[in-house]
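So that the names make sense, note that chain A is the first sequence line, chain B the second, and so on, each numbered from 1.
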There are 2 protein chains.
Amino acid sequence: MQVQAIQVACSNCNLRELCMPVDLTETDVAKIDQLVQTRRKIKRGQALFTAGDPFTSLYAIRTGFFKTSVVTDGGLDQVTGFQMAGEIMGLDGIVNQVHRCDAIALEDAEVCVMPFERMEELSREVNALQHHVHKIMSREIVREHSVMLLLGSMRAEERLAAFLLNLAQRLHARGFSRSEMILRMKREEIGSYLGMKLETVSRTFSKFVDDGLILVNQRHVQILDADGLHRIVHTAQVD
Amino acid sequence: MQVQAIQVACSNCNLRELCMPVDLTETDVAKIDQLVQTRRKIKRGQALFTAGDPFTSLYAIRTGFFKTSVVTDGGLDQVTGFQMAGEIMGLDGIVNQVHRCDAIALEDAEVCVMPFERMEELSREVNALQHHVHKIMSREIVREHSVMLLLGSMRAEERLAAFLLNLAQRLHARGFSRSEMILRMKREEIGSYLGMKLETVSRTFSKFVDDGLILVNQRHVQILDADGLHRIVHTAQVD
DNA sequence: CGACACCTTGAAGAGGTTCAAGAAATGTGG
DNA sequence: CCACATTTCTTGAACCTCTTCAAGGTGTCG
């Protein structure tokens, strides 16, 4: 496990508005800079944590791209999310002080380690941080609701269209192109996340290409007609 | 909207260990008793809150049974959960100060209103409450992961078996029979939650009856062979 | 008791899965 | 740097699960 002392304080981090509260007083800023003492580098394919690991910290992604997934004793495997810079991982560990999913780096990554006890302490002193923690968790709950909607009521094309639009939107919020992206995950992982088989993912990609909605070259995807994709998602009608 | 002053303090509530932290000092108990100043009664079919309502409070169910669901502009409808006594609703509202789902009473109900600003204040003073709030939210995230697993990787029979076992287990934790229950929701709502059509829910119930796993009489369900149901859930194998 | 909502069951059909084969990319060792 | 092995992706064809549509049954409540 690669651990290293930190070079950049939160207050100077370019991801600050993504993972930390804004509108802090100077003294609050100074306190929060104490929170992240270490960073960890994770090589592609390596786990940041796996189910069963004791929970000690939340992790903010500084660079790289992750997937989180739950596994059952039966061997079932479900990808529960894909995380990118500025997003927080590890929230599932708080209840029982044990991680309940795996977090795997899909490309070389670096995360900020935020010891949770320290966060709770600081939250009592810095109201903005307290509220921020609550918001992060609430946001995750809302996100999962929308995944439930996707898995529970949409068909394959709608799911994949929604997935691509969501990825593009998040990447764009981080300064990348709104229409072009490199997928960090394989078809099988997309399929697991979206509740469909990898063959169906591949076929649906091909269909979108035939319909002139996107261009696909392996993991390079270009969105040609975002409105068309939106229309597919919202064609998801009740009878 | 029915609001009323409170008769039972948290410290005397029989649901205390379900919705409040344990191991409090006397002074902490006194503080927490200040949290719930009002209760609200909700008639069957009425909404406690709906998507778009401003968020002010979390709600602890004292009696009754709820469903929560998200609706899209497209008219899609997804039940995201069923809640019973001692469980907390409203967590989705924290991020943007707006509720993002509907909470509908499936039987006459009463909830304790917990103003969230008050909770944040108290959390700064009472460490146990702070940690408790974090645990509640984390537990909800973990629960939703398991729903994603269910929706993403299980087939109809596995989903319904898992659903029945989960309900039975939660009811049993509240002192009810481990094997007999009255469903508070209709087939359509079960179907929405489990990502299947009401006809499929009905057919699957019938199959379980044929197989001697359960007895069904409308909404009265009796589990005859819990092990058999467990086997169905865990037969969910990866090849 | 009649109207309405809810549930069950059948038959036909669609959407997605499974199995299989081959193509394209990626990694490895000489 | 090339040959080979491995992984990942695409596509086809048959099959299966679940949905859709339809009709009839059952329960409930004014």
Side-chain angles (χ1 to χ4, degrees), chain A residues 43-45 67 76-79 104 106-108 150-161 163-164 182-211 214-221 232 235-239, chain B residues 43-45 67 76-79 104 106-108 150-161 163-164 182-211 214-221 232 235-239:
Chain A
K43 285 249 165 264
R44 171 161 161 249
K67 71 166 177 180
L76 276 182
D77 188 5
Q78 172 73 31
V79 171
I104 311 286
L106 296 184
E107 60 180 359
D108 291 359
L150 181 145
L151 290 172
S153 350
M154 293 186 184
R155 36 192 51 235
E157 288 184 29
E158 294 158 5
R159 293 181 196 190
L160 191 63
F163 171 74
L164 289 174
I182 305 288
L183 301 177
R184 256 57 241 216
M185 69 297 279
K186 36 187 158 174
R187 304 288 188 263
E188 188 178 8
E189 290 163 333
I190 297 176
S192 172
Y193 182 59
L194 298 180
M196 49 209 255
K197 295 292 152 185
L198 69 95
E199 293 95 330
T200 310
V201 174
S202 181
R203 270 185 253 273
T204 308
F205 269 131
S206 300
K207 173 151 196 318
F208 285 175
V209 172
D210 290 349
D211 295 352
I214 60 175
L215 287 181
V216 176
N217 194 323
Q218 294 296 120
R219 302 204 177 172
H220 183 149
V221 173
I232 288 179
T235 301
Q237 295 287 3
V238 88
D239 358 317
Chain B
K43 286 250 166 261
R44 172 159 160 250
K67 70 166 177 180
L76 276 183
D77 188 4
Q78 173 72 32
V79 172
I104 311 286
L106 296 183
E107 61 180 357
D108 291 358
L150 182 145
L151 290 173
S153 350
M154 293 186 183
R155 35 191 48 236
E157 288 184 29
E158 293 157 6
R159 293 181 195 189
L160 192 63
F163 172 74
L164 289 174
I182 306 288
L183 301 177
R184 259 49 247 214
M185 70 297 279
K186 37 186 158 175
R187 302 290 188 262
E188 188 179 7
E189 290 164 331
I190 298 176
S192 172
Y193 182 60
L194 298 180
M196 49 209 257
K197 296 291 153 184
L198 69 96
E199 294 95 331
T200 309
V201 174
S202 181
R203 269 184 253 272
T204 309
F205 269 130
S206 299
K207 173 151 197 317
F208 285 174
V209 172
D210 290 349
D211 294 352
I214 61 176
L215 288 180
V216 175
N217 194 324
Q218 294 297 120
R219 301 204 179 172
H220 182 147
V221 173
I232 288 179
T235 301
Q237 295 287 4
V238 88
D239 351 323

Worksheet item: Which residues satisfy the salt bridge (charged side-chain N to carboxylate O under 4.0 Å, His left out) test with Glu199(A), sequence neighbours excluded?
Response: none
Practice prompt. Rounded to 10°, tell me the angle between the two end axes of the helix from dC1(C)-dG30(D) to dG30(C)-dC1(D), each built from five pairs.
Written response: 50°
Fill in: Whole-Å gap separating C1' (dG15(C)) and NZ (Lys207(A))
13 Å
Worksheet item: How would you label the contact of Arg159(A) with the nucleic acid (heavy atoms, under 4.0 Å): base, sugar-phosphate, or nothing?
Response: nothing
Fill in: Counterpart residues, salt bridge (charged side-chain N to carboxylate O under 4.0 Å, His left out), relative to Arg184(A) (two or more places apart)
Glu107(A)
Worksheet item: Does Arg219(A) put a side-chain nitrogen or oxygen below 4.0 Å from OP1 or OP2 of dA25(C)?
Response: no
Discussion item. For the backbone of Val79(A) and the side chain of Ser192(A), can you confirm whether one donor and one acceptor N or O come within less than 3.5 Å of each other?
Written reply: yes
Discussion item. Students should find this one: the first and last nucleotides of DNA chain D, 5' to 3', lying under 4.0 Å from a heavy atom of chain B. What are they?
Written reply: dT17(D) to dG27(D)
Worksheet item: Under a 4.5 Å cut-off applied to non-hydrogen side-chain atoms, are Leu215(A) and His220(A) in contact?
Response: no
Discussion item. Under a 4.0 Å threshold between the charged nitrogen and the carboxylate oxygen, would Lys43(A) count as salt-bridged to Asp108(A)?
Written reply: yes
Fill in: For Lys186(A), all residues meeting salt bridge (charged side-chain N to carboxylate O under 4.0 Å, His left out), sequence neighbours excluded
none
Check nucleotides 8-14 of chain C against the protein and report each pair of N or O atoms closer than 3.5 Å, with its distance, or say if there are none.
unit_1  : atom_1 : unit_2    : atom_2 : d
dT8(C)  : OP1    : Arg187(B) : NH2    : 3.3
dT8(C)  : OP2    : Arg187(B) : NE     : 2.8
dT8(C)  : OP2    : Ser202(B) : OG     : 2.8
dT8(C)  : O5'    : Ser202(B) : OG     : 3.1
dT9(C)  : OP2    : Ser206(B) : OG     : 2.4
dG10(C) : N7     : Arg203(B) : NH1    : 2.8
dG10(C) : O6     : Arg203(B) : NH2    : 3.1
dA11(C) : N6     : Arg203(B) : NH2    : 3.4

Worksheet item: Are Phe208(A) and Glu157(A) close enough that some pair of their side-chain heavy atoms sits under 4.5 Å apart?
Response: yes
Item to complete: Write down the distance between NE2 (His220(B)) and P (dC7(C)), rounded to a whole number of angstrom.
Response: 15 Å
Discussion item. Can you tell me how far apart CE (Met154(B)) and CZ (Arg159(B)) are? Round to the nearest 0.5 Å.
Written reply: 9.0 Å
Worksheet item: Should the heavy atoms of other residues, nucleotides or ligands under 6.0 Å from CZ of Arg219(A) be counted, would the total exceed 12?
Response: yes
Fill in: d(CG, Leu183(A); P, dT26(C)) in whole Å
13 Å
Worksheet entry | 5'-most by nearest nucleotide on DNA chain C - Asn217(A) or Gly195(A) | Gly195(A)
Worksheet item: Is the closest side-chain heavy-atom distance between Phe205(A) and Ile190(A) below 4.5 Å?
Response: yes
Item to complete: Rounded off to whole Å, could you give me the NZ-to-C1' distance for the Lys186(A) and dG27(C) pair?
Response: 14 Å
Worksheet item: So, Ser153(B) and Gln78(A): side-chain donor and acceptor under 3.5 Å apart, yes or no?
Response: yes
Practice prompt. Verify the contact: side-chain N or O of Lys197(A) to OP1 or OP2 of dG16(C), cut-off strictly under 4.0 Å; return yes or no.
Written response: no
Item to complete: Assign each of Arg44(B) and Glu157(B) to its nearest nucleotide of DNA chain D by heavy atoms, then name whichever residue's nucleotide is nearer the 5' end.
Response: Glu157(B)
